[in-house]
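We number each residue from 1, following the sequence as shown. The basis for the numbers below is simple: all heavy atoms, side chains too, and nothing from hydrogens, waters or symmetry mates. Not measured: the values here are computed from a predicted model.
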Amino acid sequence: MAKITLDNLAHSYLPNPTSEDDFALKELNHDWVDGEAYALLGASGCGKSTLLNIISGLLHPSQGRILFNDRDVTNDPTTKRNIAQVFQFPVVYDTMTVRDNLAFPLRNRGADAAYVAQRVQQIAGMIGMEDMLNRKARGLTADAKQKISLGRGMVREDVNALLFDEPLSNLDVQLRATMRTELASLLGRLNTTVVYVTHDVTEALALADRILVLDQGRAVQLDTARAVFSRPATPWVAAMAGFSSRLVPQVVRHDESTAHATFGGESLRGQACGEGPDGEPHVFIHPDAVTLAEGLHAVEEGTVSGVVQSCVYEGRGYRVTVHVADAGQVTVMSPWALEVATTVALAIDPEGVLVFGRAA
């Protein structure tokens with residue numbers, strides 16, 4: 001296990017970068033705690049894989065250093081960094097049994113045979129493959145092969161870090177959800193520094209202690225999963241975390257942390273944030289923060305009035321689309337059916353409201 005330090009780290013794929021725009025990965029200065037799980041989250045091309053490849057030694061940075069436990073490994077090849085890596089496509093030896101696949105990293109380093117047998121059995125139990133140890137890897141399903149790949153990454157106890165490069169992205173939706181749950185359980189039982197690349201917000205929230213959000217090569221937020229989800233640092237992070245944005249006419253700040261914005265003709269309280277998109281004031285509301293107000297029609301403080309546009313049954317309730325004057329459409333779940341054109345009141349939890357923009 002290792003503390004990972006990114007010291008003045010940046011990378012450009014151009015031979016002679018002259019400006020910040022020439023860098024695929026802008027300057028990073030972070031200390032990542034030994035034993036924690038970190039997700040690198042962002043859209044395609046944001047710099048996630050570039051950073052992972054620098055950590056693994058597959059790529060040499062244009063500037064700065066990377067340190068494991070305060071030891072400079074910037075110029076060390078991958079073989080000297082003592083890491084394990086799990087890739088997007090499972091690397092499995094088809095002619096070997098599941099047992100031999102899992103044992104390979106240990107045998108390759110001359111580990112004692114008794115220890116290899118004990119550790120392989122332990123990892124097979126963790127990934128649910130005890131009954132398949134003697135089967136050849138050839139012919140196994142995609143998720144079974146990815147489990148082998150995960151198990152082989154975890155089998156060594158002495159690694160500085162365990163790196164994941166979107167290992168679930170090639171599975172179908174149902175398998176991905178199942179494997180995400182299983183992987184979260186596995187990582188919870190390991191005391192290993194983990195770096196996990198993903199573009200999936202749900203995956204990052206489920207698997208990481210902390211999330212580094214990257215946007216166009218720049219780190220825009222490094223925080224706990226809960227903080228990134230509930231208190232995104234920028235409008236872009238808010239949108240990625242599932243908040244819907246509305247342009248508002250004005251913002252009124254009461255202190256550094258609380259602001260009001262005009263929304264649907266009412267004053268809506270929320271968390272005061274930074275500048276709005278393109279400098280314009282916006283309110284961001286998370287869908288979970290919007291519920292039908294008790295009594296439906298009683299508009300009180302913290303509620304806005306709207307008109308039902310559609311009501312669709314979805315098994316556990318009704319998905320209701322409500323039009324709020326001067327604010328657009330808001331979606332809310334209801335335990336009962338509502339008539340189209342009915343006026344209702346929506347209660348909005350201030351904890352799920354972000355107000356971006358300067359006070360008017």
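- Salt-bridge check for Glu20 with Lys26: failed, with every basic side-chain N at 4.0 Å or more from each acidic carboxylate O.
- Between the side chains of Arg81 and Asn160, no donor-acceptor pair of N or O atoms lies under 3.5 Å.
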Determine, step by step, whether Arg109 and Arg156 satisfy the side chain to side chain contact (heavy atoms under 4.5 Å, CB included) criterion, reporting the C-alpha distance in whole Å, the side-chain angles of both residues, the deciding distance to 0.1 Å, and the verdict.
CA-CA 10 Å; Arg109 287 163 178 78; Arg156 290 174 54 207; 3.1 Å; yes
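- When side chains are defined from C-beta on, Gln146 counts as touching Pro167, because their heavy atoms get closer than 4.5 Å.
- To the nearest 0.5 angstrom, Arg119 atom CZ is 8.5 Å from Met154 atom CE.
- The main-chain N or O of Gly42 is found under 3.5 Å from a side-chain atom of Lys48 such that the two form a donor-acceptor pair.
- Hydrophobic clustering, with ILVMFWY side chains joined whenever heavy atoms are under 4.5 angstrom apart, groups Phe68 together with Leu52.
- Scanning both residues, Leu102 and Gly151, for their nearest heavy atoms gives CD2-C, 3.7 Å.
- Listed by first and then second residue, the side chain to side chain donor-acceptor pair (under 3.5 Å) pairs involving residues 200-215 are Glu36-Arg210, Arg176-Glu203, Tyr196-Glu203, Thr198-Glu203 (not counting sequence neighbours).
- Only one option out of Asp70, Thr74, Asp76 pairs with Asp72 in a side chain to side chain contact (heavy atoms under 4.5 Å, CB included); it is Thr74.
- For the residue pair His11 / Asn53, no side-chain donor-acceptor distance below 3.5 Å is found, with atom types taken as modelled.
- Put simply, the side chain of Gln63 gets close to the backbone of Asn8: a donor and an acceptor are under 3.5 Å apart.
- Val92 and Phe164 fall within the same hydrophobic cluster, where Ile, Leu, Val, Met, Phe, Trp and Tyr residues are linked whenever their side-chain heavy atoms come under 4.5 Å apart, directly or through other members.
- Classification of Asp7 and Arg65 as a salt-bridged pair holds, one side-chain N sitting under 4.0 Å from a carboxylate O.
- A heavy-atom distance below 4.5 Å is not found between the side chains of Lys3 and Trp32.
- For Tyr13 and Ser62, the side-chain atoms include no donor-acceptor pair closer than 3.5 Å.
- Between Val320 and Val322 there is a side-chain heavy-atom pair separated by less than 4.5 Å.
- Within a 6.0 Å sphere centred on CD of Gln118, other residues, nucleotides and ligands contribute more than 12 heavy atoms.
- Side chains of Thr5 and Asp31: a donor-acceptor N/O pair is present below 3.5 angstrom, by distance only.
- Two residues are said to be in side-chain contact when any heavy atoms from C-beta on lie closer than 4.5 Å; Met333 and Tyr318 fail this criterion.
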Val308/Thr321 under side chain to side chain contact (heavy atoms under 4.5 Å, CB included): CA gap, chis, key distance, verdict
CA-CA 6 Å; Val308 175; Thr321 302; over 6 Å; no
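- When all heavy atoms are compared, the tightest approach of Leu133 to Ala124 is CD2-CB, 3.7 Å.
- Judged by distance alone, the side chain of Thr193 and the main-chain N or O of Asp34 form no donor-acceptor pair under 3.5 Å.
- When all heavy atoms of Thr303 and Ala293 are compared, the closest pair comes out as CG2-CB, 4.1 Å.
- Taken together through direct or relayed side-chain contacts under 4.5 Å among Ile, Leu, Val, Met, Phe, Trp and Tyr, Leu207 and Ile211 form parts of separate hydrophobic clusters.
- The closest donor-acceptor contact from the side chain of His282 to the backbone of Glu280 lies under 3.5 Å.
- Although no hydrogens or angles enter the test, the distance criterion places a donor-acceptor pair under 3.5 Å between the side chain of His286 and the main chain of Asp288.
- With Tyr38 contributing its side chain and Val33 its backbone, the two residues share a donor-acceptor pair below 3.5 Å.
- Tyr93 contributes no side-chain N or O that, together with a main-chain N or O of Thr95, makes up a donor-acceptor pair within less than 3.5 Å.
- The side-chain heavy atoms of Val195 and Ile55, taken from C-beta on, include a pair separated by under 4.5 Å.
- Judged by distance alone, the side chain of Thr342 and the main-chain N or O of Leu338 form no donor-acceptor pair under 3.5 Å.
- Remark: side-chain polar atoms of Asp349 are paired, donor with acceptor, to backbone N or O of Glu351 under 3.5 angstrom.
- Summarising the local packing, CG of Asp255 is surrounded by more than 12 heavy atoms from other residues, nucleotides or ligands at distances under 6.0 Å.
- Counting non-hydrogen atoms of other residues, nucleotides and ligands closer than 6.0 Å to CG of Asp131 gives a total of 12 or fewer.
- Between Val344 and Ser305, every side-chain heavy-atom pair lies at or beyond the 4.5 Å cut-off.
- Side chain to side chain, Ser56 and Thr78 fail the donor-acceptor criterion of an N or O pair below 3.5 Å.
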Go through Val252 and Thr262 one step at a time and tell me if the side chain to side chain contact (heavy atoms under 4.5 Å, CB included) criterion holds.
CA-CA 9 Å; Val252 179; Thr262 302; over 6 Å; no
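- Side-chain contact of Gln309 with Gln329: a donor-acceptor pair under 3.5 Å is present, judged by distance alone.
- The closest side-chain heavy-atom distance from Leu346 to Val304 is below 4.5 Å.
- Separation of atoms CG (Asp143) and CD1 (Ile148) is listed at 10.0 Å; rounding is to 0.5 Å.
- Hydrophobic clustering places Leu40 together with Leu9 (ILVMFWY residues linked when any side-chain heavy atoms are closer than 4.5 Å, directly or through intermediates).
- Residues Gln88 and Leu168 form no side-chain contact, since every pair of their non-hydrogen atoms from C-beta on lies 4.5 Å or further apart.
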Determine, step by step, whether Ile348 and Leu268 satisfy the side chain to side chain contact (heavy atoms under 4.5 Å, CB included) criterion, reporting the C-alpha distance in whole Å, the side-chain angles of both residues, the deciding distance to 0.1 Å, and the verdict.
CA-CA 8 Å; Ile348 303 178; Leu268 189 66; 3.9 Å; yes
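- Cluster partners of Leu354, using a side-chain heavy-atom cutoff of under 4.5 Å among ILVMFWY residues and allowing indirect links, are Phe243, Phe284, Phe356.
- For the atom pair Asn101 CG and Lys145 NZ, the distance stands at 10.0 Å (nearest 0.5 Å).
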Audit row: Asp21, Ser19, side-chain hydrogen bond (donor to acceptor under 3.5 Å, both in side chains) steps and yes/no
CA-CA 5 Å; Asp21 290 341; Ser19 69; 4.7 Å; no
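- Using modelled atom types and a 3.5 Å distance limit, the side chains of Thr18 and Asp22 yield a donor-acceptor pair.
- In terms of hydrophobic clustering, with Ile, Leu, Val, Met, Phe, Trp and Tyr side chains grouped at heavy-atom distances under 4.5 Å, Ile123 and Met96 are assigned to different clusters.
- Considering all non-hydrogen atoms of both residues, Asp165 and Ser49 come closest at OD1-OG, 3.8 Å.
- Arg71 contributes no side-chain N or O that, together with a main-chain N or O of Leu67, makes up a donor-acceptor pair within less than 3.5 Å.
- Salt bridge annotation for Lys147-Glu182: present, with a cationic side-chain nitrogen under 4.0 angstrom from a carboxylate oxygen.
- Checked for salt-bridge contact, Arg231 and Asp223 miss the test: no charged N lies under 4.0 Å from a carboxylate O.
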